[in-house]
Amino acid sequence: MRLYDSLTQEKRDFVPRDGDHVTMYFCGPTVYNYVHLGNARPFVLSLVAKRFFQSVGWKVTLVENITDIDDRIINKAQKEGRTAREVAEEFAAAYIEDTNRLGLGRPDIEPCATEHVSEIVALIERLIANGHAYAVANGDVYYKVESFGAYGKLSKQRIEEMQHGARVTPGEEKDSPLDFALWKAAKPGEPSWSSPWGQGRPGWHIECSAMGLKYLGEGFDIHGGGRDLIFPHHENEIAQSEGALGGDFVRFWVHNGMLNTRDEKMSKSIGNIFLLREALKEYRPETLICFFVSSHYRSPIEFSADSLAEAGQQVERLRNVFRALVDYQGPSVADAPGDAELTAAVEKYRGAHREAMADDLNTGGALGEVFALAREVNAALAAKTVSEAAVEQARQALSDMVYVLGLDAVTRTAQEVPAEVLVLAEARARARAERKFAEADRLRDEIAAAGFEVRDVPDGFRVVPRE
RNA sequence: GGCGCCGUGGCCGAGUGGCUGAGGCACGGGUCUGCAAAACCCGUUACACCGGUUCGAUUCCGGUCGGCGCCUCCA
């Protein structure tokens, strides 16, 4: 397994820290709004990575946080006359609901920041003890950036260069503009927790350090998220975690590229967002997943109706091959003439698929291997030279391959066709047998009106839902 | 300005120091079919530009142009 690490900026061999157990942390959402399609990309990446690791026999613990206390949540709550907790609970539930619909399963642990305040406080105390943090009179606690010599190593920024852009909000008592808040003293009406520095709440960044370390320990395998989190979020996580521990926080930093619309990042602040829940009204979950996995996770991808339509076509092609596999009736002899060739193709493309995934999770390449095998399978099925046993073996292989890519929905073709539609299809078959083609075509239109498509296959017909 | 990523055929998108150019979509031709769909077969002058290294570069190095991201809201 080779994996690109954004810290060292190179692909390296990846071997889990704990033998066959992979420890992963991905940054999840701050729940002040519905998640958009761009937020879905790291979610899909993390679960696809998990599936691949499992497919090679590793165990995986995937942690994905839910940040449920933050300025943005408080602002929204105040604007709407609600409590921050209400806002956070609403959008956390919506996030779970929306991402569940993708059908990829869930991360193993989804910790909330507000349930880990004691761990956060303990981490901050440790940083103060180490000389990496300081409390000021109003109860804020800041990280002392200059105390951490490696600061900037992930984002490749120099501290001197950063001095210019750093901002100081009036009322903050930082030693240096670069210092960032670990703990924010509560203002009237804000949610707060008690701490050695008085009532307050965690700053952004610290919850990820605290929860990552709690659940995965020092030097865990993979920390992921969008590229745009490199600075400041992940840079600050490194400073906090390594400042407290002394050792390396993470072994591999994995960052996905941005989702763009018209060459511009999809982002809440730009306002060009397409919510995941809206997208799911228009597209099947597997179409969205196919859109994501058809290109490499590090590349930026362009969202457009055309690219989604194409992903929909790809998904349909995969669904068709599974329909054909299930329907296949061929020679039941043990060694049909085409078996050796099909088995060889299965091995070839299964291996190529695995190699692609092992090369920095190259899902686009792996998907290509799926299609290449699909074509071989379709050809073998059409030629009818393969045994049902060999076909079953091919179905299993293809099924494993699409599962790793998160596209297992395409294998579920046993779609219920309503009895009345089947009656129409049977009537049409009789009409065709009697060469009453006008009647047959009329029945096909009726079937279409019911939302189904009837296809004539060698041994009869197949009814499939219309896209 | 600093840092980082990228530029592949009509479109999307893998990949590689040479034996050639994954795969998908679209389009055209064919096979099958009453028609249609599905499927299969065939086809469509690819590697931004300029130098360099090399027997040979789309692949390595340097530069140019263009795009994107980050430089304390961001997945």
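So you know, we letter chains A, B, ... as the sequences are listed, proteins then strands, and number each from 1. Not measured: the values here are computed from a predicted model.
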query: Does Gln314(A) or Val454(A) map to a spot on RNA chain B nearer the 5' end, using the closest nucleotide for each?
result: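 The residue closer to the strand's 5' end, by nearest nucleotide, is Gln314(A).
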
- prompt: Taking the nucleotide of RNA chain B with the closest heavy atom to each, which residue, His296(A) or Asn236(A), is nearer the 5' end?
  reply: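 The residue mapped nearer the 5' terminus is His296(A).
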
Could you check whether [X] gets within reach of a base, just the sugar-phosphate, or nothing at all, counting any heavy atom under 4.0 Å?
X: Gly257(A); answer: base
X: Arg432(A); answer: base
X: Asn320(A); answer: sugar-phosphate
X: Asn256(A); answer: base
X: Ser155(A); answer: sugar-phosphate
X: Arg428(A); answer: base
X: Glu369(A); answer: nothing

task: Measure from CG on Leu178(A) to C1' on C71(B) and round the result to the nearest Å.
output: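 Taking CG of Leu178(A) and C1' of C71(B), I get 11 Å after rounding.
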
- request: Before accepting this row, confirm whether a basic side-chain N of the pair Glu453(A)/Arg455(A) lies closer than 4.0 Å to the acidic partner's carboxylate O.
  value: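 Salt bridge present between Glu453(A) and Arg455(A).
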
- request: Report yes if some heavy atom in the side chain of Thr23(A) is under 4.5 Å from a heavy atom in the side chain of Ile222(A); otherwise report no.
  value: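 A side-chain contact under 4.5 Å is absent here.
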
Starting the side chain at C-beta, find the nucleotide from [options] nearest to [X].
X: Gln157(A); options: C71(B), C5(B), G23(B); answer: C71(B)
X: Arg227(A); options: C35(B), G4(B), G23(B); answer: G4(B)
X: Arg375(A); options: C68(B), C70(B), G24(B); answer: G24(B)
X: Asp441(A); options: G34(B), C5(B), G24(B); answer: G34(B)
X: Arg317(A); options: C25(B), G34(B), G13(B); answer: C25(B)
X: Phe231(A); options: C70(B), A26(B), A39(B); answer: C70(B)
X: Ala379(A); options: U72(B), C40(B), G34(B); answer: C40(B)
X: Asn362(A); options: A14(B), G13(B), C40(B); answer: A14(B)

- prompt: In whole Å, what separates the C1' atom of U8(B) from that of C70(B)?
  reply: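 Per the computed distance, 27 Å lies between those C1' atoms.
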
task: Measure from the ring centre of Phe437(A) to the centre of the six-membered ring in the base of G34(B), then say whether that distance is under 5.5 Å and the planes meet at under 30°.
output: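 Yes; centroid distance and tilt both under limits.
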
field: Donor-acceptor contact present, side-chain Ser307(A) to main-chain Phe303(A), <3.5 Å
entry: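 Checked: no pair found.
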
task: Please check if the side chain of His353(A) supplies one atom and the backbone of Met401(A) the other of a donor-acceptor pair under 3.5 Å.
output: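 Side chain of His353(A) to backbone of Met401(A), a donor-acceptor pair under 3.5 Å: yes, one is there.
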
field: Presence of Asn378(A) side-chain N/O under 4.0 Å of C40(B) phosphate oxygens OP1/OP2
entry: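 Affirmative; the distance criterion is met.
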
task: Identify which one of Asp140(A), Asn236(A), Leu127(A) satisfies the side chain to side chain contact (heavy atoms under 4.5 Å, CB included) criterion when paired with Leu182(A).
output: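 Testing Leu182(A) for a side chain to side chain contact (heavy atoms under 4.5 Å, CB included) against Asp140(A), Asn236(A), Leu127(A) leaves exactly one candidate, Leu127(A).
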
message: Could you check whether the side chain of Arg444(A) and the base of A36(B) have a donor-acceptor pair of N or O atoms closer than 3.5 Å, going by distance alone?
response: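 For Arg444(A), whose side chain was compared with the base of A36(B), there is a donor-acceptor pair (under 3.5 Å).
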
Check: Glu310(A) side chain, G24(B) base, donor-acceptor under 3.5 Å: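 Answer is yes: a donor-acceptor pair is held.
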
field: Residues Thr30(A) and Asp70(A): side-chain donor-acceptor under 3.5 angstrom
entry: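 Note: Thr30(A) and Asp70(A) side chains miss the donor-acceptor criterion.
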
Nucleotide opposite G62(B) in a Watson-Crick or G-U pair, distances under 3.5 Å: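 Looking at the geometry, G62(B) pairs with C50(B).
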
